[in-house]
Amino acid sequence: MKTPSEFPLGIQRVSEMEQIDYSAHAAVARKLLHTREVRQLLGTLLPEVLNVYAGKSRFKKFVARRVGNHLSRSLSRSGDIFDPREIQQLFENEQFVENLLAPLPDLVNGLFDILGTTVTTIEELDTREKTKLFGDLMGRMANGQTGSLITSGCRILNDIHRADPEFFTKNLEPGFKKWIESVDFGEVKEMVENSASDVRAFVTMANDTIWQYPAKVVLLLSLLPSMANMLTDSADISLSRLNEMAPDLLTDVILSFINEIETAPVAGLVNELSELVRKIHTGSGLLGEPGTPQLPRVLSAKINQIIEQTDAVALWKAKMALAETGASIDTALTDAVNNTPALKQLALIKGPEITNIRVKTKNRKLAWWDGLDDEDAARSASQNLSAYDLQEAAEVVNNTLRLFNRVAEEKPELFAGLVRQFVNGIDDYELAEAARRLYTEIGEEIKPAARAVVPGVVTWLCDVLKPADDAHEDDAAQAREALQALFASEEV
């Protein structure tokens with residue numbers, strides 16, 4: 001038999017586990033209520049609660065005052081004057097902490113059960129009822145109180161900072177210092193290092209689980225385009241609002257933002273970064289052997305280890321795939337531009353203007369150098385040119401020539417074949433036409449410049465071909481004989 005409330009009649013046997021849970025919960029409540037802090041809180045609150053209950057009734061107020069005084073006296077102890085921290089001592093008891101945490105999972109699970117049941121109930125409602133329910137809920141919540149709260153908070157902070165600009169820093173410094181002193185960063189580092197394998201295992205488990213449902217993975221990835229579309233649309237709306245502003249007003253706003261940027265912190269940041277780089281470079285030289293800094297050696301060793309473990313075939317396939325993809329994008333962009341006559345025409349007209357801007361910028365730099373007096377210009381140019389390591393540049397040329405000669409000696413037909421292939425691919429007629437136009441139509445235009453250059457070149461060549469006692473005299477003699485033969489054949 002059961003009562004209308006569905007509880008069974010009679011005395012029921014309580015399981016041993018339920019007895020343990022009940023006794024543990026009761027012990028927690030009992031111990032908390034017996035602490036000094038909770039008793040003092042109850043001694044303060046209960047009389048006020050009774051006073052509110054009494055209302056305007058004189059009789060109730062009289063009774064409430066008597067009962068409140070009695071409760072306040074009953075909850076006080078003579079030892080309270082020594083101000084013991086009973087709650088802190090209570091939480092130092094392991095058994096109390098275990099009893100306190102025991103019902104926590106049940107409470108959390110119960111909250112989730114309540115939330116799940118509520119959501120399921122709302123899900124079963126009709127669409128019109130759902131709309132009405134959430135509409136009323138959001139309408140009552142969105143009353144602008146958050147904005148007023150933010151405004152009041154900002155006013156409070158402004159008042160505090162006007163009185164003391166460093167108020168929060170001064171008051172937070174002691175606590176922050178204690179926090180730094182109490183945190184063992186060695187333990188934090190060890191915790192992070194020890195968690196690496198667990199994190200990897202979790203990621204592996206998550207991937208193994210989710211890839212058991214490929215359709216869900218596809219749906220998860222399909223969220224990326226939707227999010228990109230939302231972000232793009234949001235940016236489009238925001239920028240369209242900016243474009244509604246007048247040009248002078250928009251520019252004035254941007255200039256105001258720029259003027260508000262303080263240059264001293266930016267310069268200080270650049271200086272500190274520069275000094276940091278310099279110190280790292282100096283420290284690398286001090287730690288390494290003479291002429292071999294330590295940092296390049298360590299980086300070289302790490303790069304070698306990475307390269308040794310890299311799949312060279314897959315790497316180059318990926319690079320080729322990226323190059324082909326980039327070429328495809330360039331081709332598609334070119335085709336799109338060429339298929340749009342207006343855009344194509346503007347590209348042909350405006351393209352040189354970009355080059356003109358770059359040329360003007362370069363010219364302004366050179367004009368600044370030209371504006372220096374002769375002594376400063378000579379000193380600056382000397383310092384600039386002497387800074388180049390020409391010996392290394394010469395070694396580059398030497399190594400290139402040495403490599404060229406070695407390959408030519410091993411495979412004499414290689415370079416000849418390459419040149420032959422290139423020359424055979426050139427259209428002789430088009431080359432002849434271009435040369436004819438260069439010497440006939442354009443030649444007259446460049447003749448003044450040529451007369452300023454060619455005589456000196458010919459004179460210099462003749463001086464180079466004069467007889468001399470050196471290793472290249474045989475080659476020079478053959479060149480003189482060739483010129484004599486050329487002139488003699490022209491006279492004949």
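- A donor-acceptor pair under 3.5 Å is formed between the side chain of Asn399 and the backbone N or O of Glu395.
- Under the 4.0 Å criterion applied to side-chain N and carboxylate O atoms, Lys178 and Glu181 are not assigned as salt-bridge partners.
- Of the possible donor and acceptor atoms, one in the side chain of Ser386 sits under 3.5 Å from a partner among the backbone N and O of Gln383.
- Taking a 6.0 Å sphere around CD of Glu441, one finds it holds more than 12 heavy atoms contributed by other residues, nucleotides or ligands.
- Atom CD of Gln212 sits in a crowded spot, with more than 12 heavy atoms from other residues, nucleotides or ligands closer than 6.0 Å.
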**OP:** Report the C-alpha distance between Asp376 and Asp373 in whole Å, list the side-chain angles of each, state the deciding distance to 0.1 Å, and finish with yes or no for side-chain contact (heavy atoms from CB on, under 4.5 Å).
**Re:** CA-CA 6 Å; Asp376 291 339; Asp373 56 38; 3.1 Å; yes
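- Under a 3.5 Å cut-off, the side chain of Asp252 and the backbone N or O of Asp248 do not form any donor-acceptor pair.
- Ser240 places a side-chain N or O within 3.5 Å of a backbone atom of Asp236 that can act as its donor or acceptor partner.
- Between the side chain of His161 and the main chain of Leu157, a donor-acceptor pair closer than 3.5 Å is present.
- Between Glu275 and Arg278 there is a salt bridge, since a side-chain N of the basic residue sits under 4.0 Å from a carboxylate O of the acidic one.
- Surrounding CG of Asp374 are at most 12 heavy atoms belonging to other residues, nucleotides or ligands under 6.0 Å away.
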**OP:** Please lay out, stage by stage, how Arg406 and Glu409 fare under the test salt bridge (charged side-chain N to carboxylate O under 4.0 Å, His left out).
**Re:** CA-CA 5 Å; Arg406 289 175 59 189; Glu409 183 177 357; over 6 Å; no
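- Of all the heavy atoms in Val253 and Met245, the pair that sits closest is CG2-CE, 4.1 Å.
- Within 6.0 Å of CD on Glu262 lie no more than 12 heavy atoms contributed by other residues, nucleotides or ligands.
- By the neighbour-count criterion of 12 heavy atoms within 6.0 Å, atom CZ of Phe168 is densely surrounded, having more than that number from other residues, nucleotides or ligands.
- Arg480 has a carboxylate O that lies under 4.0 Å from a charged side-chain N of Glu473, or vice versa, which qualifies the two as a salt bridge.
- Side-chain polar atoms of Arg402 and Asn405 form no donor-acceptor pair below 3.5 angstrom.
- Between Phe185 and Trp179, the ring planes are perpendicular. Angles over 60° get that label, and only those under 30° would be called parallel.
- Across all their heavy atoms, Asn194 and Ser197 have their closest contact at O-OG, 3.9 Å.
- The environment of CD in Glu410 is sparse: at most 12 heavy-atom neighbours from other residues, nucleotides or ligands sit within 6.0 Å.
- The backbone N or O of Glu166 sits nowhere less than 3.5 Å from a side-chain atom of Thr169 that would complete a donor-acceptor pair.
- Rounding to the nearest 0.5 Å gives a distance of 11.5 Å between CH2 of Trp368 and CG of Asp370.
- Residues Leu295 and Ser284 come closest through the heavy atom pair N-OG, 2.7 Å.
- Heavy atoms from other residues, nucleotides or ligands lying under 6.0 Å from CE of Met205 number more than 12.
- Other residues, nucleotides and ligands place no more than 12 heavy atoms under 6.0 Å from the NZ atom of Lys216.
- When all heavy atoms of Val183 and Val188 are compared, the pair lying nearest together is CG1-CG2, 4.1 Å.
- Considering all non-hydrogen atoms of both residues, Asn207 and Val203 come closest at ND2-O, 2.7 Å.
- Although no hydrogens or angles enter the test, the distance criterion places a donor-acceptor pair under 3.5 Å between the side chain of Asn424 and the main chain of Arg420.
- Without hydrogens or angle criteria, Asp233 side chain to Asn229 main chain gives no donor-acceptor distance under 3.5 Å.
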